[in-house]
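Just so it is clear: chains get the letters A, B, ... in the order the sequence lines come, proteins before strands, and each one is counted from 1.
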Amino acid sequence: ADKIRVAVASNFTGTIRKIAESFEKSTGHKVILIFGSTGKHYAQIKHGAPFDAFFAADARRPKLLEKEGVALPGSRFTYAIGKVILWSPQKNYVDIEGKTLEQKEFRYLSLANPKLAPYGKAAQEILQGRGLWKGLRGRMVRGENIGQTFQFVKSGNAELGFIAYSQVKHPGESVEGSYWKIPQSLYSPIEQQAVLLRDNDTARSFLSFVKSDESLKIIRGFGYGYYGIE
Amino acid sequence: MTITARFRIKRKNFVLDVDLNLPGKGITAVFGPSGCGKTTLLRAIAGLEKCRHGFLRVGDMQWQDGKHFVPVHQRSLGYVFQEASLFAHLNVRRNLEYGVKRVPVSQRKVSMDRAIALLGIEPLLERRTNQLSGGEKQRVAIARALAVSPRILLMDEPLSALDLTRKQEIMPYLESLHDELDIPVIYVSHSLDEVVRLADHLVLLEEGKLKAAGPIGEMLSRLDLPLAHSDDAGVIIQGIVAGHDDDFDLTYLDFPSGRFSVARKALSVGHAVRLKVAARDVSLTLEYQSNTSILNIFPATIEEIIPDGGAQVMVRLIAGEIVMLSRITRKSATLLDLKLGKKVYAQVKSVVLLT
Amino acid sequence: MTITARFRIKRKNFVLDVDLNLPGKGITAVFGPSGCGKTTLLRAIAGLEKCRHGFLRVGDMQWQDGKHFVPVHQRSLGYVFQEASLFAHLNVRRNLEYGVKRVPVSQRKVSMDRAIALLGIEPLLERRTNQLSGGEKQRVAIARALAVSPRILLMDEPLSALDLTRKQEIMPYLESLHDELDIPVIYVSHSLDEVVRLADHLVLLEEGKLKAAGPIGEMLSRLDLPLAHSDDAGVIIQGIVAGHDDDFDLTYLDFPSGRFSVARKALSVGHAVRLKVAARDVSLTLEYQSNTSILNIFPATIEEIIPDGGAQVMVRLIAGEIVMLSRITRKSATLLDLKLGKKVYAQVKSVVLLT
Amino acid sequence: MGTMVLSESDLIALVITLKLAGITTLILLLLGTPIAWWMARTRWRFKFMLEAVIALPLVLPPTVLGFYLLVALGPHGPLGGLMDWLGVQRLAFTFTGLVIGSVFYSMPFVIQPLQNAFTAIGNRPLEVAATLGASPLDRFFTVAVPLARSGFLTATVLGFAHTVGEFGVVLMIGGNIPGETQVLSIAIYDHVEALEYGSAHWLSGGLLVLSFLMLMSVYLLNRRFSVVQS
Amino acid sequence: MGTMVLSESDLIALVITLKLAGITTLILLLLGTPIAWWMARTRWRFKFMLEAVIALPLVLPPTVLGFYLLVALGPHGPLGGLMDWLGVQRLAFTFTGLVIGSVFYSMPFVIQPLQNAFTAIGNRPLEVAATLGASPLDRFFTVAVPLARSGFLTATVLGFAHTVGEFGVVLMIGGNIPGETQVLSIAIYDHVEALEYGSAHWLSGGLLVLSFLMLMSVYLLNRRFSVVQS
Ligand SMILES: Nc1ncnc2c1ncn2[C@@H]1O[C@H](COP(=O)(O)OP(=O)(O)OP(=O)(O)O)[C@@H](O)[C@H]1O
Ligand SMILES: Nc1ncnc2c1ncn2[C@@H]1O[C@H](COP(=O)(O)OP(=O)(O)OP(=O)(O)O)[C@@H](O)[C@H]1O
Ligand SMILES: [Mg+2]
Ligand SMILES: [Mg+2]
C-alpha cells in the first residue's frame with residue numbers, strides 16, 4: 001500500500017476526510033491530509049513541500065502552479081463549487097432575501113478577506129451589487145479565511161456574516177440559525193480546484209476517486225455545488 | 001530623655017532577649033563578641049527587625065509598643081550599616097542627597113557640606129560607588145547617615161575600615177554631636193579602645209543577653225566584668241581644665257584629688273573633661289620618686305587586690321576621692337609587700353583625654 | 001625566597017606605582033591611609049588587577065613578567081577580600097570545600113577541620129551565608145582562604161570585624177603559619193596595633209607610592225616615618241627565653257643587654273622571641289629606683305631627642321646594644337635635664353611578646 | 001514580485017501597530033511591575049502556582065488563544081456577558097480588545113524579567129532607603145526601579161517586540177478592520193497570502209529597519225546609564 | 001461539536017511538540033548561554049547592535065518569519081542551495097527544520113534573561129572563585145550558573161512555553177505534515193478551523209493542564225533550591 005500526502009484547503013476538511021476514508025478503505029492506500037490556508041500551501045509547494053496533490057480553496061493558485069510548471073499539466077480540475085450564504089446563529093435574524101443587510105442595526109458583519117479568500121471576494125461582489133460595500137466599511141470584520149469568518153459569527157461577536165454553506169451544512173442535519181442562500185447569479189462562481197503535484201499512480205487514482213459519484217455525494221452532502229449541478 | 005528598649009527576637013540558633021534603659025544623650029557603645037547580637041539589636045531599634053511584643057521609646061517618641069509600630073522611614077534615625085551599603089545606581093553625591101532630600105528643610109541641622117568636609121569625601125563626590133576603596137565607602141556611608149540630621153544615630157562598626165588618623169578626625173566630631181545636636185548615638189564596636197575613647201555608656205551583650213550596662217567609667221573599673229581584665233581596663237576620671245603651661249605646651253587638669261599634666265589641648269579654663277587612666281599605665285612605688293620623667297604621681301591607698309591571670313594582679317586604689325586601677329606583676333606586688341590599706345604612690349605614665 | 005613585585009596601575013584619580021622587594025617568609029603588613037592603594041596592590045599580586053608591564057615573582061614562581069601572565073586560578077594563593085565575599089549559593093561548609101576540592105590532595109597541608117576549629121566556625125557549617133553576622137562571615141572567609149593551603153596568603157583587613165578575643169586567638173595562628181607552612185602572608189591593616197603584633201615586615205604606602213619598607217622593628221623606631229609619632233611607636237627587640245619563675249608565673253627573656261620579666265608563656269628555654277617595647281611604656285629616671293612595681297629597668301644612654309608634638313619629645317636610647325624609644329613630656333625632659341649622651345634608667349612598664 | 005510602493009492602508013497599519021505596541025507595553029509595565037514586585041517579595045506558599053499560571057497563555061497557539069478570547073468576549077462568553085450587563089461596549093473587534101488580548105498574551109515576557117530583577121536587588125538597598133526616610137512607595141521608585149533597570153529594559157523590549165510581531169491573537173479578536181484593528185503584522189501576512197511578495201518584502205524590510213533602529217537606540221541609551229556591577 | 005476523543009494523530013502531535021520544545025529549549029540554552037555570558041561580560045563598543053539584532057526576529061509576525069525562513073531554506077534560497085551543494089538533506093518540512101526555526105524565533109526569550117542574570121552576579125564571586133583555584137570554565141559552571149539560576153529558570157520556561165505555543169514559523173517551514181512536523185499547536189488550530197470545537201477544547205485543555213503541572217513543578221523545585229537574597 002502506498003502513502004500520499006495531500007494538501008487541502010481548511011474549509012474542505014470535513015469533506016475530504018470522509019472521501020479519503022472511503023478511498024483508503026477501498027484501495028488500502030494511505031492518504032495523509034495536510035490542512036492549511038491556500039496561500040501558505042502555495043508558498044510551501046513552490047519551495048519544495050513534499051505534497052503529491054493540492055486541493056486549493058480557489059482556482060487562482062492551482063492555475064499559477066500549473067503555469068509555473070510546478071503542477072502536472074492537465075491534472076487541474078474543479079472538485080467543488082463553494083456556495084455563499086449570509087448566516088446568523090440567531091433564529092429569524094436573517095430573512096431569506098437578505099434584506100437584513102439594509103434593515104438591521106447590526107454592529108458587525110463578518111466576511112472573509114476578499115484579497116485572500118474567494119468567499120470574501122464573493123461577499124464583496126454581493127455587497128457591491130446592492131450598493132452597500134462602501135457604507136458598511138467600518139462594520140465589516142474580515143477573517144483571514146472562511147474558517148475564521150465563521151468563528152466571528154458563531155461566537156456571537158458579529159451578528160451575521162457571509163460564510164460557506166458547507167460550514168453549517170452537515171450531512172443529514174438541518175442548519176442552525178437563520179440564513180439567506182445567495183443566488184449564484186450574484187457572485188462569480190467559487191471554483192475550488194485541485195492539481196496533481198507529483199506524478200504517481202496512487203495520487204492519480206485519488207484524484208479520480210474524488211471525481212467519482214461516491215465522492216460527489218459526499219461533497220454535495222456538505223453543501224458544496226458541483227459543475228452543472230445546483 | 002531616655003531610651004527604653006525591650007526586644008525578644010528568635011532565630012534558629014539564637015535569641016536576642018534584652019530589656020534596656022539607655023541614656024538619651026551621648027554615645028552608648030554596644031560591645032560584645034562576634035555573633036552576640038549587636039547588629040540584631042541595632043536593627044531592632046531601627047525597626048528593620050520586627051518582633052511582636054517589643055517596646056521601644058526614644059525620648060518622647062514612642063516607636064514601638066505591642067501592636068503600635070512606627071515604620072522605619074518614619075523614624076528619624078541615621079543608620080550606618082556594618083557592610084558597605086551605598087546605592088549602586090547613584091554616585092556619591094546623590095547617595096548623600098538621597099537622605100537629605102527627604103528631611104524637611106526646617107529639620108536640617110547638619111548641612112551636607114559639613115558632613116562632606118568632616119569625612120573628607122569632597123574629591124569623591126562625582127565617583128560611582130564601585131570606584132571607591134573600602135574606607136572611602138565607609139566614610140560616605142557615615143556622611144550619608146549624618147546628613148539626615150537624625151534624632152538618633154545607630155552605627156554598626158562604622159570605623160572598622162578606617163585608619164587611625166581618620167578615626168581620630170571623626171571621633172571628636174562624633175563626640176561633639178551630643179553637644180551640638182543633642183542626639184544619642186548607639187555605637188557598635190569591637191574595639192575597646194574606640195569604645196573607651198568615645199562612649200559615655202556601655203552595653204555589654206553576651207549570647208543575646210544583656211550582661212551589664214552602665215556608665216563607661218563604672219564598667220571599666222568593675223572587676224567582675226571581663227573589661228577589667230582586658231588590655232584596656234582602666235578608669236574614667238572627671239576633671240576640669242585648671243590652666244595651661246605655655247612653656248611646655250601642657251594643660252593642667254584638676255580632679256577632686258589632684259592635678260594631671262597632659263599635652264596641651266585647646267580647651268578653655270573651667271571646661272569639664274574626662275580622662276581615661278588605663279590600668280597598665282599606672283605603676284606603684286612605695287616612696288615618692290623625683291627625677292623621673294613621669295609627671296603625674298598621686299598618693300593612694302590600696303583598696304583591693306585581685307589576681308589577673310597567673311602573673312599579674314589588678315590593684316584597686318583610692319587616690320583621695322577617686323578610684324584608680326593599676327595592673328602590675330604578682331612578683332612586684334609581693335616584692336613591694338602590697339596589701340589592703342597600704343599607702344603607695346601611683347605613677348601615671350600617660351592618660352587619654354576623652355572630651 | 002623573596003617576593004619581587006613591580007606594578008604600575010592607572011586609574012582616573014589614582015596611580016599605583018610600586019617596586020617592592022618583600023621577604024618570602026613571615027608576615028608583611030601593608031599599611032597606609034584609606035585610599036592609598038593597599039587593596040589595589042593586593043589585587044595586583046593576586047592577578048585580579050592586570051597591568052601591562054608588571055613583574056611579579058613569588059619565590060621560585062614567576063607569576064608575571066611582561067606578556068607572561070599566570071592567571072589567578074593557577075596561582076597558589078589564599079585571598080581574604082576586604083568585603084564579605086562568601087558564595088551566596090553555597091552554605092558555609094560548601095564555601096570551605098569549594099577551595100579545598102580544587103587543591104590536589106598531595107598539596108593539602110592545612111586540613112579543613114583545622115581551619116574550622118581555629119576560626120571557631122564549627123556551629124555555623126550548615127548555615128546559609130546570609131544567616132551569619134559580620135564577624136562570622138569574616139571568619140568563614142579566613143578559614144576558606146587558609147584551607148586551600150596556599151603558597152602565599154593575601155589578607156585585606158581580615159580581622160576588622162573581629163573582637164579582640166577572637167583576634168587574639170587567630171593572630172598566634174597566623175604567626176605560626178610561617179613556622180609550619182613557611183608561607184609568606186601579605187596583610188593589609190589599618191590597625192597599627194595589629195600590625196605591630198603580627199608583622200615581621202612593613203610596607204608603608206602613601207598615595208599609591210611606596211613610602212618606606214623594611215623590618216618592623218626598624219620601621220617603628222625610624223623617627224622620620226609617621227609611625228614613630230603614632231601612639232604605637234616603639235621598638236622590636238629580639239631575645240631568647242632564659243627561664244621561668246614558677247612562683248610568680250613569670251618568664252625571663254634575655255636580650256643582648258639585659259633581661260625582661262613577662263607574664264609566663266609556654267615557651268621552652270632557648271626559644272627565640274620578639275618583644276615590642278612601646279615608646280609610651282618607657283619612662284626615664286635619673287637614678288635606679290627600687291620599691292617600684294616596675295620590674296624591667298635598664299641603664300641606657302640618650303642618643304637622640306626629637307620633638308613629638310608641642311608637649312612631648314621622643315627620646316632614642318641605647319641600652320647596651322639595643323635601641324629603645326621613650327615618649328615623655330618636654331617638661332620632664334627639661335626637668336630631668338636630658339641631653340645627648342646622658343645616662344638614664346629606662347623603666348619599661350609593659351612589653352608585648354610577639355612570637 | 002516587482003517593487004511596489006506601500007499603500008496608504010499599510011501606513012495606517014504601521015501607525016496602529018506602533019500605537020498598539022506602545023499602549024500594550026505601557027499597560028504591561030504598569031500591570032506587570034506591581035505583580036512582579038509582589039511576587040519577588042512575597043513568601044506566600046503558593047506563589048509557584050501563580051507563577052505557573054502567568055506563563056500559561058504562552059503554551060497555547062496564539063490563534064487558538066485568540067479564539068478562546070473571542071468566545072469569552074462574545075455575548076455568550078463570561079466577559080461579554082459581564083460587559084453587556086454593565087452596559088459597556090463589547091470588546092471584540094475594537095482596538096481596546098486588541099490591547100487586552102496583547103496584554104494577556106505578552107504578560108509573561110514582562111513579569112518574568114521584572115521579577116528576576118527585583119529579586120536580585122535583595123533587601124539591603126531597600127532597608128538603607130528606609131533608614132534614610134523613604135516610604136515604601138518612595139523606595140520602590142527611587143531604589144528598586146532604578147536598580148532593576150536591566151529587567152525593565154528586557155521587559156519593555158520583549159513586550160514591545162512581541163506585540164509588534166504578534167499576529168494570531170490580534171487577528172482573531174481584532175477582525176482585521178482597516179484603519180482600526182488592522183496591524184502591520186496582519187498586513188504583511190495578507191500580502192504574503194495574496195502572493196504580493198513585493199509589498200511583503202517592503203513592509204517586512206521597513207519594519208525590520210525601524211525596529212532595529214528603535215532597539216538599537218534603546219540599548220545604546222541603556223549602556224550610557226548602566227549600573228556597572230563590581 | 002460534541003465531545004470527541006483525541007485521535008491518534010493528536011497524540012502523535014503532542015509527542016512531536018514535546019520533543020520539539022525539549023530539543024529546542026536544550027539547543028537554546030546551549031547556544032544562548034555562551035552568547036548571553038559573552039554579552040554580559042564584554043565591553044565591546046557595538047554590543048548594543050548585537051543586542052538589537054537578537055531581539056529582531058520577534059517583530060516579524062511568525063508566519064512571515066516562517067515564510068522568509070522557508071524561502072531561505074528552499075531550493076532557491078541561500079541556505080537550501082548550500083545544503084544541496086553540500087549534498088545534505090534540505091531542511092524545510094523536516095523536524096530539523098522545525099527545530100531551526102523555533103530556535104531562531106525563541107532566541108531572545110532565552111538570551112535576555114540569561115544576560116540579565118549574568119550581569120547581576122557582578123565580578124566579585126568570580127574573582128573569589130579564581131583565587132580559590134577555579135579555572136574560567138570551572139567558575140562559570142560552579143559560580144555563575146548557580147548564581148544565575150533564576151535567569152535560567154525564566155529562560156527555560158519562556159523558551160519552552162513559547163516553542164510549545166509557537167505556530168506560525170512551525171507551520172510555515174514544517175508544512176504541518178501529520179506524524180512528522182505537525183505539532184500540537186497546529187493540530188489545535190486545524191480543529192478550530194475545521195469547526196471541530198470538541199477536539200479543540202480537549203486538546204487545549206489537556207495542553208493547559210499538562211503545561212500547568214510542568215510549570216508548577218519547575219517553580220516548586222525552584223523554590224526549594226532558591227538562593228535567598230539578603
Ligand atoms: N574601580 C575604580 N575606579 C577608579 N578608582 C578606583 C577604583 N577602585 C578604587 N579606586 C581608587 O583607587 C584608590 C586606591 O584604592 P584601594 O582600594 O586600593 O585603596 P585602599 O588602600 O585599599 O583603601 P581602604 O583602606 O579604604 O580600603 C582610591 O583612591 C580609590 O578611590
Ligand atoms: N538571618 C539569620 N538567620 C539566622 N541566624 C542569624 C541570621 N542573622 C544572624 N544570625 C545569627 O544571629 C546571631 C546574632 O547576629 P548579629 O548579626 O546580631 O551578631 P553581631 O553581634 O552583630 O556579630 P558581629 O560582631 O560578628 O557582626 C549570630 O549568631 C548569627 O549567626
Ligand atoms: Mg554585626
Ligand atoms: Mg582597601
Side-chain angles (χ1 to χ4, degrees), chain D residues 47-49 51-53 55-65 67-68 108-109 112-113 115-117 119-124 150-151 153-154 157-158 160-162 164-168 184-186 188-189 192 200 204 207-208 210-216 218-220 222-223 229-230, chain E residues 47-49 51-53 55-65 67-68 108-109 112-113 115-117 119-124 150-151 153-154 157-158 160-162 164-168 184-186 188-189 192 200 204 207-208 210-216 218-220 222-223 229-230:
Chain D
K47 186 174 81 169
F48 68 99
M49 286 199 175
E51 288 181 302
V53 166
L56 216 50
L58 274 186
V59 302
L60 280 186
T63 324
V64 174
L65 187 71
F67 170 70
Y68 285 116
F109 300 124
Q112 292 248 15
Q115 188 185 340
N116 285 353
T119 307
I121 293 175
N123 277 327
R124 180 51 58 86
S150 65
L153 183 76
T154 295
V157 166
L158 291 184
F160 191 91
H162 194 252
V164 168
E166 219 303 286
F167 160 77
L184 206 59
S185 57
I186 303 184
I188 300 178
Y189 174 81
V192 171
S204 302
L207 182 61
L208 283 180
L210 190 76
S211 307
F212 181 69
L213 292 179
M214 280 177 58
L215 288 171
M216 213 173 63
V218 168
Y219 284 114
L220 193 61
N222 173 53
R223 194 180 61 173
Q229 299 283 335
S230 72
Chain E
K47 185 174 82 169
F48 67 99
M49 285 196 175
E51 287 180 302
V53 166
L56 215 50
L58 273 186
V59 303
L60 281 186
T63 323
V64 174
L65 186 70
F67 171 70
Y68 285 115
F109 300 124
Q112 293 248 16
Q115 188 185 340
N116 285 351
T119 307
I121 292 175
N123 277 326
R124 180 52 56 87
S150 65
L153 183 75
T154 295
V157 165
L158 291 184
F160 191 91
H162 195 252
V164 168
E166 218 302 287
F167 160 76
L184 206 60
S185 58
I186 308 184
I188 300 178
Y189 176 77
V192 172
S204 302
L207 182 61
L208 283 179
L210 190 76
S211 308
F212 182 70
L213 293 179
M214 279 176 61
L215 289 170
M216 213 173 63
V218 167
Y219 284 114
L220 193 61
N222 174 52
R223 194 180 62 174
Q229 299 283 336
S230 72

Legend entry - Atom pair CG (Leu153(E)) and CD (Glu51(D)), whose distance is rounded to the nearest 0.5 Å: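 Output value for this atom pair is 7.5 Å.
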Legend entry - With sequence neighbours excluded, residues passing ring pair (Phe, Tyr, Trp, His ring centres under 6.0 Å) with Phe109(E): Phe109(D), His162(D), His162(E)
Inset, instruction - Please list, chain by chain and in numerical order, all residues satisfying ring pair (Phe, Tyr, Trp, His ring centres under 6.0 Å) with Tyr68(D), sequence neighbours excluded. - result: His201(E)
Can you see which heavy atom on [X] is nearest to which on [Y], and at what distance?
X	Y	answer
Ser150(D)	Asn116(E)	O-ND2, 3.4 Å
Tyr219(D)	Ala55(E)	OH-CB, 4.4 Å
Val59(D)	Val164(E)	O-CG1, 3.5 Å
Ser211(D)	Leu56(E)	CB-CD1, 3.8 Å
Leu60(D)	Ser204(E)	CD2-CB, 4.1 Å
Tyr189(D)	Thr63(E)	CE1-CG2, 3.6 Å

Legend entry - Option that, when pairs with chain E are counted at under 4.5 Å, heavy atom only, ranks first among Val53(D), Leu158(D), Leu207(D):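 Among the listed options, the one with the most contacts to chain E is Leu158(D).
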Inset, instruction - Sort Val218(D) into side chain, backbone, both or neither according to what part of it lies under 4.5 angstrom from a heavy atom of chain E. - result: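 Neither part; nothing is under 4.5 Å.
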Legend entry - Proximity breakdown for Phe212(D) and chain E, heavy-atom pairs closer than 4.5 Å: both
